[in-house]
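Structure first, then comments.
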Amino acid sequence: MDVQAGEDRVRAAGAAGYQADVAYVAALPLPWGRLDKKTVLITGASGMIGTFLIQVLLARKEDIQVIGVGRDLARAKARFAPWWGRKDFRFLAQDINEPLAWEEGADFFLHAASNTHPAAYSADPIGTMTTNVLGTYQLLRSAAACKAERFLFASSVEVYGENREGQGYFDESYCGYIDCNTLRAGYPESKRAGEALCQAFIRQEGLDVAVARLSRTYGPTMLLSDTKAISQFLKKGAAGEDIVLKSVGDQFYSYSYVADAVSGLLTVLLKGDCGEAYNVADPASDITLKDLAQMIAKKAGTKVVSMLPDAREAAGYSRATRAVMDGSKLKALGWEAHWDMEAGVERTLRCLRAEMAR
């Protein structure tokens, strides 16, 4: 097989695997009828979660009008090229910290826009906080004004802070420690404030709001600019390079493959109770950072090397050494993870290699 034929085969395998994942989530036995003849507005549209979520909704047979919201029009055109111009999809380019420039309103709001990686926390701490607080406020206000059926806030495992009590698995009632006098605190504190705003709009405006707390999410739709440790590991592995571990690696975290994260969000959107928060996590994807690095290196045929982070990188790192989530509350709604850590990593590497072969 010549080089070109090999690259074509890699691309085809990656595309087929990714589309199969979208089709799997789109075929889940959820109450999709709630979205028929409805408008769904999604922020963070061209991010890792938003991209996958929009493609799932556009794969459904129901009459669903999808409004994607994001700041980068060029990225959105690239992400959604096959769907651009469809009557059931529109993209709104704007900063969500400003009042929503969509007068028609929407029936369902899914707020998934946020800085979600260490370099952004360090380089843009103000933007990190304002998106999670001011942006959330602007969207909640728009949802209340148009009497939306439901608002879903995509929150994070970060709201649990550091585990200083020897807690095992975090359930939704746990409240850990966050030192608010640090640069890094901007992300978890603003996510907490975003959740509090949701509760305020429930009580004061009568808005129906649910919260999904995502574990550390990865997958083929991750942005190349993503600086989370798992994202850097996967990019290195896909490129056939050594995996760089910038700590001892004893951090024990919950992760989710993007398709499972999206199915969790949709489960909360369509089946969750107003005012409740739900962890999106499964124990089959709990792993230490060191074991994760070694897993990816083994699959890539490379090795793990150690390196100290620079000051800017370190400023954005989480201090939590154990952050594993109890997902039983979401599972009680019927959600199940489909990919364990190894399967999710394999699919992501395959898709990233396909992208790199383009």
Side-chain angles (χ1 to χ4, degrees), residues 12-70 76-92 102 104-113 143 146-154 208 210 212 214 217 219-221 256-274 278 280 330-331 333-339 343-344 347 351 354:
Y18 174 75
Q19 291 306 319
D21 295 347
V22 171
Y24 171 82
V25 177
L28 287 172
L30 291 169
W32 297 103
R34 288 191 62 186
L35 302 180
D36 193 30
K37 297 180 175 57
K38 300 296 175 65
T39 297
V40 180
L41 186 144
I42 299 168
T43 67
S46 54
M48 174 169 55
I49 297 288
T51 296
F52 197 100
L53 179 56
I54 287 173
Q55 292 184 22
V56 167
L57 293 180
L58 294 176
R60 288 295 305 175
K61 64 180 180 180
E62 290 80 12
D63 178 10
I64 305 172
Q65 296 296 310
V66 178
I67 310 298
V69 182
K77 285 184 176 179
R79 287 279 203 179
F80 302 109
W83 300 271
W84 207 262
R86 274 178 49 159
K87 293 181 179 179
D88 56 354
F89 174 67
R90 294 186 64 176
F91 183 80
L92 178 64
W102 183 254
E104 292 88 343
D107 301 292
F108 293 88
F109 284 67
L110 287 87
H111 180 24
C146 69
K147 302 187 184 305
E149 291 185 32
R150 165 148 287 186
F151 185 103
L152 176 64
F153 181 53
D208 185 309
L214 295 167
T217 305
T221 49
S256 291
Y257 182 58
V258 64
D260 282 329
V262 167
S263 70
L265 287 172
L266 288 166
T267 300
V268 176
L269 177 74
L270 298 172
K271 299 177 71 175
D273 292 330
C274 176
Y278 298 85
V280 182
L330 181 60
K331 290 182 179 180
L333 296 181
W335 178 81
E336 292 289 342
H338 185 68
W339 290 269
R347 295 184 84 80
C351 290

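All values derive from a computational prediction rather than experimental measurement.
Scanning both residues, A154 and L214, for their nearest heavy atoms gives CB-CD1, 4.3 Å. Considering every non-hydrogen atom in both A112 and I49, the closest pair reads CB-CG2, 4.4 Å. For the residue pair R79 and S46, the shortest heavy atom distance occurs at NE-O, 3.1 Å. When all heavy atoms of T51 and Y18 are compared, the pair lying nearest together is CG2-OH, 4.2 Å. Between A259 and V25 the shortest heavy-atom distance is O-CG2, 3.6 Å. Residues G68 and A45 approach most closely at CA-CB, 3.6 Å, considering heavy atoms.
Note that the CG atom of L333 and the OG1 atom of T267 stand 7.0 Å from one another [nearest 0.5 Å]. Between the OH atom in Y278 and the CG atom in L269 there is a gap of 12.0 Å [rounded to 0.5 Å]. Interatomic distance, CG of L266 versus CG of L53, reported as 5.5 Å (0.5 Å rounding). The structure places CG of L152 at 9.5 Å from OG1 of T43, a figure rounded to the nearest 0.5 Å. Between the CD1 atom in I67 and the CG atom in L110 there is a gap of 12.5 Å [rounded to 0.5 Å]. Note that the CZ atom of R90 and the CH2 atom of W84 stand 10.5 Å from one another [nearest 0.5 Å].
Using modelled atom types, no side-chain atom of S256 and backbone atom of A261 make a donor-acceptor pair closer than 3.5 Å. Here the side chain of D63 pairs no donor or acceptor atom with the backbone of D36 at under 3.5 angstrom. Side chain of W32 to main chain of L28: a donor-acceptor pair is present (N/O by atom type, distance under 3.5 Å, no hydrogens or angles). Without hydrogens or angle criteria, R347 side chain to Y257 main chain gives no donor-acceptor distance under 3.5 Å.
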Apply ring-ring contact (aromatic ring centres under 6.0 Å, His included) to the pair F89 and F80, showing each step before the final yes or no.
CA-CA 9 Å; F89 174 67; F80 302 109; 5.1 Å; yes
Before you tell me yes or no, could you show the steps for W339 and Y24 under ring-ring contact (aromatic ring centres under 6.0 Å, His included), namely the whole-Å CA-CA distance, both residues' side-chain angles and the distance that decides it to 0.1 Å?
CA-CA 11 Å; W339 290 269; Y24 171 82; 5.3 Å; yes
Would L35 and R60 satisfy side chain to side chain contact (heavy atoms under 4.5 Å, CB included), going step by step from the backbone distance to the final call?
CA-CA 10 Å; L35 302 180; R60 288 295 305 175; over 6 Å; no
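The shortest distance between side-chain heavy atoms of L265 and V280 does not fall below 4.5 Å. Side-chain contact between W335 and D260 is present, with heavy atoms from C-beta onward closer than 4.5 Å. Side-chain contact between C146 and F109: present, with at least one pair of heavy atoms (C-beta onward) separated by less than 4.5 Å. At least one side-chain heavy atom of D88 sits under 4.5 Å from a side-chain heavy atom of L58. In this structure the side chain of L57 reaches within 4.5 angstrom of the side chain of I42, judged on heavy atoms.
A salt bridge links R150 with D208: at least one charged nitrogen is closer than 4.0 Å to a carboxylate oxygen.
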